[in-house]
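In this chain, numbering begins with 1 at the start of the sequence shown. All heavy atoms count here, side chains included; hydrogens, waters and symmetry mates do not.
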Amino acid sequence: MARVALVGNLAQLTGGVASFDLAASSVKHLFELLTERHPELGPHLQEGVAVAIDGQIYQDTLHEPIEPDSEVYVIPQIAGG
């Protein structure tokens with residue numbers, strides 16, 4: 001199972017749980033699994049987050065594959081100007 005870590009304030013939406021072991025096959029599947037476990041995460045995942053898979057950062061790439069031994073970080077958008 002992939003090791004998934006929520007970065008920043010996203011863990012506040014899961015009761016403080018910041019890491020999970022999930023059998024996700026793609027970023028889209030990962031978002032579905034996270035939303036299933038923690039429905040309050042769903043809107044934040046849909047608004048747009050970056051996802052780092054094994055050190056490579058992806059944005060707006062729902063079909064990017066996730067391998068069983070991958071390390072995945074879900075990173076919230078940073079507002080600024």
Side-chain angles (χ1 to χ4, degrees):
M1 281 191 244
R3 185 68 165 158
V4 180
L6 301 178
V7 177
N9 62 354
L10 293 175
Q12 294 174 0
L13 302 170
T14 62
V17 179
S19 63
F20 305 86
D21 289 323
L22 296 172
S25 58
S26 67
V27 173
K28 181 179 179 181
H29 188 214
L30 170 65
F31 287 0
E32 290 168 355
L33 292 173
L34 286 171
T35 300
E36 205 173 272
R37 287 182 177 209
H38 300 282
E40 57 279 1
L41 268 177
H44 295 276
L45 299 174
Q46 291 176 5
E47 286 173 4
V49 294
V51 178
I53 304 170
D54 298 323
Q56 176 69 40
I57 297 176
Y58 299 92
Q59 292 182 332
D60 302 321
T61 312
L62 292 177
H63 300 291
E64 192 63 39
I66 297 174
E67 299 298 324
D69 62 344
S70 287
E71 189 171 274
V72 182
Y73 290 86
V74 181
I75 307 162
Q77 287 184 341
I78 298 173

Assess whether side chain to side chain contact (heavy atoms under 4.5 Å, CB included) is satisfied between Val72 and Val27, documenting all intermediate values. CA-CA 9 Å; Val72 182; Val27 173; over 6 Å; no
Evaluate side chain to side chain contact (heavy atoms under 4.5 Å, CB included) for Val51 paired with Glu64, printing each intermediate quantity in order. CA-CA 10 Å; Val51 178; Glu64 192 63 39; over 6 Å; no
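Side-chain contact check for Val49 versus Val7: every heavy-atom pair is 4.5 Å or farther apart. Between Arg37 and Leu22 there is a side-chain heavy-atom pair separated by less than 4.5 Å. Val4 has its side chain within reach of Val74: a pair of non-hydrogen atoms, C-beta onward, lies under 4.5 Å apart.
The two atoms that bring Ala24 and His29 nearest to each other are CA-ND1, 3.3 Å, heavy atoms only. Between Ile66 and Ser70, the shortest heavy-atom distance links the atoms CG2-CB, 3.9 Å. Residue Pro39 comes nearest to Glu36 through the heavy atom pair CD-O, 4.2 Å, listed as atom of the first residue, atom of the second, then distance.
When the side chains of ILVMFWY residues are joined at heavy-atom separations under 4.5 Å, either directly or via intervening members, Phe20 and Tyr73 end up in two distinct hydrophobic clusters. Linking ILVMFWY side-chain heavy atoms closer than 4.5 Å, directly or via other members, places Leu33 and Leu62 in a single hydrophobic cluster. No single ILVMFWY cluster, assembled from side-chain heavy atoms under 4.5 Å apart, contains both Phe31 and Met1.
Partner Pro76 forms a side chain to side chain contact (heavy atoms under 4.5 Å, CB included) with one of Leu45, Leu13, Leu10 and no other, that one being Leu10.
Distance OG/Ser26 to CD/Glu32: 7.0 Å, rounded to 0.5 Å. In this structure, CD in Gln12 is found 11.0 Å from CG in Leu41, a value given to the nearest 0.5 Å. Note that CD of Glu40 is 9.0 Å distant from OG1 of Thr35, once rounded to the nearest 0.5 Å.
A donor-acceptor distance shorter than 3.5 angstrom exists from the side chain of Thr14 to the backbone of Ala11, with no hydrogens or angles considered.
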